[in-house]
Amino acid sequence: MYDLSAFYQADSLEEAVRLRAEHPEAIVIAGGTDVLVQMREGKLAGKSLLSIRGIAGMEGVSLDEEENLRIGSLTTFSHITADPLIQKYVNVLGEAVDQVGGPQIRNAGTIGGNTCNGVTSADSSSTLHAWDALVEITGKNGVRRVPIEKFYLRAGQVDLRAEEGELQTALLIPKASYENTFGHYIKYAMRNAMDIATLGTSVNVRLSADKRTFDRVRIAFGVAGPVPLRATSAEASICGRPVTLETVEAFGRAVLEDIHPRDSWRATKAFRQHIAVESAKRCLIESVKLAGGEL
C-alpha cells in the first residue's frame, strides 16, 4: 500500500533526536493525515519515515512557570478544541483548528504537523501568528525558541535543522499575548467542511479599561502570501484609536498595505484582497464584542 524505503520508530524524545540526526532524509510523521495520503498517492514514493507518535511529554496543554500557554506538538486538533486552558485563554485557537478537515482528521492530526508543513493555508498558523506564538525546537544542541514568523522560511519550508536532529516539541503563547485579550477567526473556503482555506483571517484585541479605546490589536492571514503573515501596518494604524465603526473601516482598508495574495484556481488576487478587507472588519467587530466593547 505504501512505497517506503525504511521506517523508524522513536519511543522517546532523545531517541527521536538521535534518529533524526542519523537519518535527516527521513520524513517525520505523527498523525500521518498528510504524509500518508501523499505517500499513497505516490508523491513521496520511496521515502523513509520517522514516527514520533506517542512520545511522552510532547502532547497536552499546560501553563509553564511563567504562565505561558504550552501546547505540545503532538496534541491533536480535537484535544486542543476541548482543552479547558485553551477555552479559557485562547478559545479562538480551538475554534480555528476545529475547522481542519473532518472529525477523523481532527482526531489524528496534530498541531505540530499542521505548522511544520510550512503551508500558508494551515488553519492553526494565522491564529498562532496573531497571538505571538513561539516555536520550541529540540535537537542535539539543546532547546531553542523561535518566533513563529521566523519559523516559516518560505512556502513549504520551516526552520528545522534535520542534520542537528531538530524536532518541533511545543508551541507557546506568552501570557503577555493572551492576558485580557479576545479574538476571532474566519476561514473562507468553497465548502463549509473538508476544504482548504481560500483565505484565513485571525484577529485579537485588548481594549482599554473603559472599553472605548483599542490598546492592542493583532491580525494575521493565511493564504495572503507564500507563508502566514501579520498585517503590521493595519495593527499600528488602530492602536490608541477609539472603538468605532469608522476605526473598523480604516483598519480593514489598511490590511491591503501588508498582504500579497496571488491568483490561483481557488480565487483571484482581487477576490482574496476583497475577502481580506471584509474578514478583517468582521473579525475585529466580533473580537470587540468578546472583549466587552460595543460598536
Side-chain angles (χ1 to χ4, degrees), residues 1-62 64 68 70-77 79-80 97 100-101 105 107-122 124-125 128 133-172 226-228:
M1 183 184 297
Y2 298 108
D3 180 5
L4 61 134
S5 59
F7 181 85
Y8 309 98
Q9 174 67 56
D11 296 320
S12 67
L13 180 55
E14 294 75 16
E15 185 179 18
V17 168
R18 177 180 61 80
L19 288 170
R20 176 76 160 147
E22 292 175 357
H23 307 281
E25 79 290 346
I27 299 171
V28 178
I29 183 172
T33 56
D34 184 54
V35 171
L36 291 181
V37 171
Q38 292 187 54
M39 184 163 278
R40 189 167 185 176
E41 291 175 346
K43 296 177 182 177
L44 299 175
K47 297 290 186 179
S48 57
L49 301 180
L50 167 57
S51 174
I52 61 172
R53 186 178 181 88
I55 292 179
M58 284 185 62
E59 60 183 1
V61 181
S62 60
D64 66 15
N68 301 314
R70 188 179 193 277
I71 307 167
S73 294
L74 295 185
T75 310
T76 65
F77 301 124
H79 285 151
I80 290 171
V97 300
V100 176
I105 291 175
N107 287 338
T110 64
I111 194 165
N114 201 227
T115 50
C116 287
N117 274 341
V119 297
T120 184
S121 58
S124 67
S125 292
L128 291 168
L134 300 173
V135 182
E136 180 186 279
I137 299 167
T138 304
K140 292 193 303 180
N141 298 321
V143 178
R144 62 189 179 101
R145 290 180 176 178
V146 179
I148 194 164
E149 65 269 18
K150 294 184 178 179
F151 181 66
Y152 283 77
L153 301 177
R154 58 184 62 88
Q157 184 178 354
V158 295
D159 184 16
L160 286 174
R161 302 160 190 171
E163 67 281 357
E164 296 179 13
E166 288 193 338
L167 299 162
Q168 185 200 108
T169 45
L171 293 143
L172 298 99
V227 296

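Side-chain atoms are counted along with the backbone in the values below, which use heavy atoms only and exclude waters and symmetry mates.
- The structure places OG1 of T138 at 9.5 Å from CZ of R145, a figure rounded to the nearest 0.5 Å.
- Separating the CG atom in L4 from the OG atom in S48 is a distance of 8.0 Å, to the nearest 0.5 Å.
- Panel note: side chain S73, backbone Q168; a donor-acceptor pair is recorded below 3.5 Å.
- Partners of E136 under the side-chain hydrogen bond (donor to acceptor under 3.5 Å, both in side chains) rule, at least two apart in sequence or in another chain, are R70, T169.
- Interatomic distance, CD1 of I71 versus CG of L128, reported as 6.5 Å (0.5 Å rounding).
- For D159, the salt bridge (Lys or Arg N to Asp or Glu O under 4.0 Å) criterion is met by R144, R161, not counting sequence neighbours.
- For the residue pair V17 and G139, the shortest heavy atom distance occurs at CG1-C, 3.7 Å.
- Pairs engaging residues 20-32 under the side-chain hydrogen bond (donor to acceptor under 3.5 Å, both in side chains) rule: Y8-H23, R18-E22 [sequence neighbours left out].
- Taking the ring-ring contact (aromatic ring centres under 6.0 Å, His included) definition, one finds that Y152 meets it with H129, sequence neighbours left out.
- The side-chain heavy atoms of T115 and V135, taken from C-beta on, include no pair separated by under 4.5 Å.
- Sorted by first and then second residue, the ring pair (Phe, Tyr, Trp, His ring centres under 6.0 Å) pairs involving residues 25-54 (not counting sequence neighbours) form an empty list.
- For the pair F151/L160, a side-chain contact is recorded, criterion being any heavy-atom separation below 4.5 Å from C-beta on.
- Judged as a side-chain contact (heavy atoms from CB on, under 4.5 Å), and not counting sequence neighbours, the contacts of A30 are I52, L74, T110.
- Residues G72 and I111 share a closest heavy-atom pair of O-CG2, 3.8 Å.
- Residues meeting the side-chain contact (heavy atoms from CB on, under 4.5 Å) test with I29, sequence neighbours left out: V35, L36, L49, S51.
- The heavy-atom pair separating L50 from A16 by the smallest distance is CD2-O, 3.9 Å.
- Atom-to-atom distance recorded for N117:CG and S125:OG is 9.0 Å, nearest 0.5 angstrom.
- With rounding to the nearest 0.5 angstrom, the CE atom of M58 is 11.0 Å from the OG atom of S12.
- Nearest heavy-atom pair, E163 versus P24, reported as atom, atom and distance to 0.1 Å: N-CB, 4.1 Å.
- For Q157, the side-chain hydrogen bond (donor to acceptor under 3.5 Å, both in side chains) partners are R154, not counting sequence neighbours.
- With sequence neighbours excluded, the residues satisfying side-chain hydrogen bond (donor to acceptor under 3.5 Å, both in side chains) with T76 are H79.
- Side-chain contact between L167 and L13 is present, with at least one heavy-atom pair separated by less than 4.5 Å.
- Side chain of N114 to backbone of S124: a donor-acceptor contact under 3.5 angstrom is found.
- With sequence neighbours left out, D11 forms a side-chain hydrogen bond (donor to acceptor under 3.5 Å, both in side chains) with no residue at all.
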